[in-house]
Amino acid sequence: MTTKFSLVEFSIGRPKVIIAATVVLTLAFLTQFPRIKTDTNPKHMLPETSDVRVWNNEVDKVFALYEDTIVVGVENDAGVLNRETLGRMFRITGEILKLEGVASRDVNSFSTITNVTAEAGTLKVGPLMPGAPQSQAEVEALRRALFGNPLFVNRIVSPDGKTTAIYVPLEKGDNGAEIAEKIRAVLARESGPERYYIAGDPVARDTFGAEMFKLMGIFSPIAGMIMFAAIQFMFRNLALSLAMMAVAMAAIIWSMGLLIGAGFPVHIMSSMAPVFLMAIATDSIHIFNEFYFRYREKRDKLVAIRETMQAVSGPVRYTALATAAGFAVLLFMNIIPVKVFGGLIAFGTVVLRLFSFSLIPAILTFVKEAKVAKAVETESMELDRTARLLRRIGEVGATRPLATTLVGLAFLLVAIAGTSKIHVNNNLVAWFKPSSEIRVADTAMNQALGGTSLGYLVVLASEPEFMKRPEAVRWLEGLQRHLEQLPVVGKTFSVADYVKRINQVLHDDDKKYDAVPDTKEAIGQYLFLFSMSAKPSDLDNVVDSTFQKANLWVQLKTWDAEAMRQVTHAAETYQRAHPLRVAVKPAGIAYFNLVWNDEVLGDMVRGFAIALAVVFIILVFAFRSAKWALIGCMPLLSTILLIYGVVGFAGKDFDMPLSVLSTLSLGMAVDFSIHFISRFRQRLVDAVGDVQEALLWTAARPGKGIVRNAVLFAAAFSVMLFAPLTPYMAVGAFIVAMMMLSALLTILYLPALIMLGRKWLLDEPMPAADTAPARTKGG
Amino acid sequence: MKRWWMLFAVALLPLQALALSGEEAMKKSQAAFLYPGKDFKTRVMMKLINKDGQERVRELTMLRKNAGEPGGDQKYFMYFFQPADVKDMSFMIYKYPAKDDDRWLFIPAINMVKRIAAQDKRSSFVGSDFTYEDVSGRDIEDDNHVIEREEKVGNRDCYVVKSTPKGTDADFGHKFTWVDKANFLPLKEEQYDKRGNRYKLFSADEVANIKGFPTPVKRTMKNLQTGHRTEVTYVKTDYDLGIEDSLFSERYLRQPPRKWVD
């Protein structure tokens, strides 16, 4: 307390030193900005050492798979099987093969994919379309080859022949954005009726990165301007509004500078930090709010500053602590970007509070008294309107506590029913707006082809050569048919498809032989024959070199995490019905999304519990009373339940940004309770002793600060409703709703609850805590 | 200074014209590498090694018979011992310059001889890093050959020949071959992809003299982009054994005589 007060005194005495020091430090943090890096790779949500990442890397290695593949879709309403379109595809593929960073040996397109056919008794293994067809007869031959080979349909050609895909794997560590840009340039050189789509993980990541910069570079400043306008409207004093903005900007620069300087890349979560910090900075509104009231009473600026700082220091310190703690809880999460974000905001909050006791008083000394006096006049007029309304709201709660509480309970029961409908799901592609290039491409390709989300089922036997056994290959084939019954599964393929294909082709394309042969030797020899002419990766992708492991590819039509769960469940069911001495392990990006999705849920539950406990403990300290702490938790708990109820009823996916918010909203929304309860108890001791009257005063005066705070907060976040990525929009909507609701619930329900429980709450003697420095009248 | 150089170059011109051309060097190299003797027999031990060191084995007997002069038609016969499940598989190639090969394969499990189209010489030979072209040669006329410089490989003096495909069918952009000046064996070859990056590396690791023919009995082909490599060892290599032409037939493909395949 003494240090705080001496800091305030120092700041008032030497305001220029404080301001100069802040400017210097801010510039120092600003120098780190040019080193900014972004990380939009969803894989980095979990640490490199996490089981799923280690396992996925191993699978990539064993089966020579690529981490990143760009998918180029070509669509022609008149069908792609005509000389012009095929000629273009041939040229385009040729150009793509020449691009630096493309793993050309494994690009799959009409002109490069391996086909096994029989013509006039001769077995042919080679590219499907070695050259652009020159005649209609060649086009028809290609059509027969395409649709005669089940490996191709739904993979490189749609069943209606209107869409085809070129799969472009990238060498490790190459820049997907650059390559995608070069591919776009290649496509731009072609004219014709075809539509082109570029999809795939690397493209999604880079689009994401660009949108993140947009949020930080455009939306954060807009949020800042909106707040500035709102503050200016509330206080009619440019110096005050500038002070508030300066505080927010400095805190943002310090925090982001520290993040960048410490070498952390900016993730989706931390890209929201500027908006969050700006909103959290609005907590100092309570200082300005009180300063105006004090100044009107004392007409002495320095006295007003001192008294203001004394009156609000308790609540402001505890609200800062609660906010910082709410974010610091995120440090215990498993999702890396969430951890970083938590640390970042916790740091920013501490910086903001430091400013509250130094920079703000320092700036206040520069405010011209005449201007304040003028602004304060309008303040009193304002006071009448807003404060009277707030007083009336408080009155409803205070005079009809039981009815108010019961109505609230009814709402809560409905909300609880809604929360049971909450569906945890992360769909990374759905994070983009439906009109975005990536969503359009993904939708078009999922409609036409087997699906853009890829999962693997790795089948592990206990001995080498096992996968050449007829029973093993048949088992794989059966598993594929079983999986394909799921609506989310668009296409599967495995070594069984090659074996069957070769069997049929060797027997003059007789459909009777579209089956797995009966001996291990036949399978071994077929695959050997295949490997004699095919690309090495064709076999490597589906079996390991010792034939102990097989890899079954599952193309999914949705990026919903749940889709892969259905696949693994189906595989378990199949294995129970058809026991074989193998283990089945899921892998691939679809599996990663599933694991990560479950981590989010676990994190959310754990984080929420920890945050609730931490906030409760802070309230106990703030109020020196467990009872008051319990009451203080009520408005925010109700707020969160109500919002979750709406999320449940609305059928909105409960994804990572929302789950994170639920944790940190505790830390932010509890501020209002702290302000309300501490000021109410102060008032009760200081002035009246009449509980109801003290409640109404609190609802009107600090209540106005609360509402101003909530409005500013909501104003800043409302910008995110127009943001380019849906998680940003969800966060914006969530925070706007949470702030408005919790302000309302605080002013309406705290009076009701306090009235209901006043015997229980107030029969103890009031503690002489620092929350109630009973020195001034009217405080 | 400049002028002096030009004079020097003009003075050298006739000498250059008298010297070996790139094309001649590659022709001699092909004769020494792929055509020595009237016929040839060896046991090929092949190790396919991925970048983590995992090995797969191929073991086969390879027979070759030349129809005429170096650069002319050839017949190849291969009989597989390993991997175990392909034992008794056999493979026959009639190779013609400037024309697609004829290939036949015997699949013992279904007792069938199948003709195989040879449309792609660039594809892998039995899953190794060697392509068919690497094994049985590429037509000299398909590329432009220039002697770029002379260089030692180990203690052997070599011509360094740069070969650039005339057409677009090759899987490489250009390649350099280090041709031994004395015996014309290719001791080293670097293949570059169409983007100009080095991607395949051949080396003749051990050369033995068999019946007067210098023969690379150990060789490696490494794919620098995948880290995969194939090591080949020839054992029981012999020349001019009098292999009959009748061996190269469908009948013997099904049941090759013991003496030729062991």
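Quick caveat, the model's predicted, so the values are computed rather than measured. In what follows, every chain begins at residue 1, and chains take the letters A, B, ... in the order their sequences are listed.
In this structure, the side chains of Ile110(B) and His507(A) come closer than 4.5 Å at one or more pairs of heavy atoms.
Ionic pairing of Asp85(B) and Lys520(A) is not present here: no N-O contact between side-chain nitrogen and carboxylate oxygen is shorter than 4.0 angstrom.
Asp544(A) and Gln54(B) share no side-chain donor-acceptor pair at under 3.5 Å.
Looking at Asn197(B), only its side chain comes within 4.5 Å of chain A, counting heavy atoms on both sides. Contact annotation for Asp540(A): only side-chain heavy atoms (C-beta onward) come within less than 4.5 Å of a heavy atom of chain B. Neither the backbone nor the side chain of Tyr199(B) comes within less than 4.5 Å of any heavy atom in chain A. Proximity to chain B (any heavy atom under 4.5 Å) is shown, for Phe530(A), by neither the backbone nor the side chain. Of the two parts of Leu506(A), the backbone and the side chain both hold a non-hydrogen atom closer than 4.5 Å to a non-hydrogen atom of chain B. Both the backbone and the side chain of Ile107(B) come within contact range of chain A, judged by heavy atoms closer than 4.5 Å. The contact between Leu97(A) and chain B is made entirely by backbone atoms, counting heavy-atom distances below 4.5 Å.
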For this session: Determine, step by step, whether Arg56(B) and Phe547(A) satisfy the side-chain contact (heavy atoms from CB on, under 4.5 Å) criterion, reporting the C-alpha distance in whole Å, the side-chain angles of both residues, the deciding distance to 0.1 Å, and the verdict.
Result: CA-CA 11 Å; Arg56(B) 279 182 284 176; Phe547(A) 288 83; 5.6 Å; no
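Note: Pro108(B) leads Pro83(B), Pro108(B), Ala84(B) in heavy-atom pairs under 4.5 Å with chain A.
Scanning both residues, Gly524(A) and Val86(B), for their nearest heavy atoms gives O-CG1, 4.1 Å. Of all heavy-atom pairs between Lys114(B) and Val505(A), the closest is NZ-O, 4.3 Å.
Here the straight-line distance linking atom CE of Met112(B) with atom CG of Leu123(A) works out to 10.0 Å at 0.5 Å rounding. Considering CG of Leu48(B) and OG of Ser531(A), their distance stands at 9.0 Å, rounded to 0.5 Å. The line from NZ of Lys98(A) to CG of Asp193(B) is 12.0 Å long, rounded to the nearest 0.5 Å.
Inspection of non-hydrogen atoms places Gln225(B), Thr226(B) of residues 225-234 of chain B under 4.5 Å from chain A.
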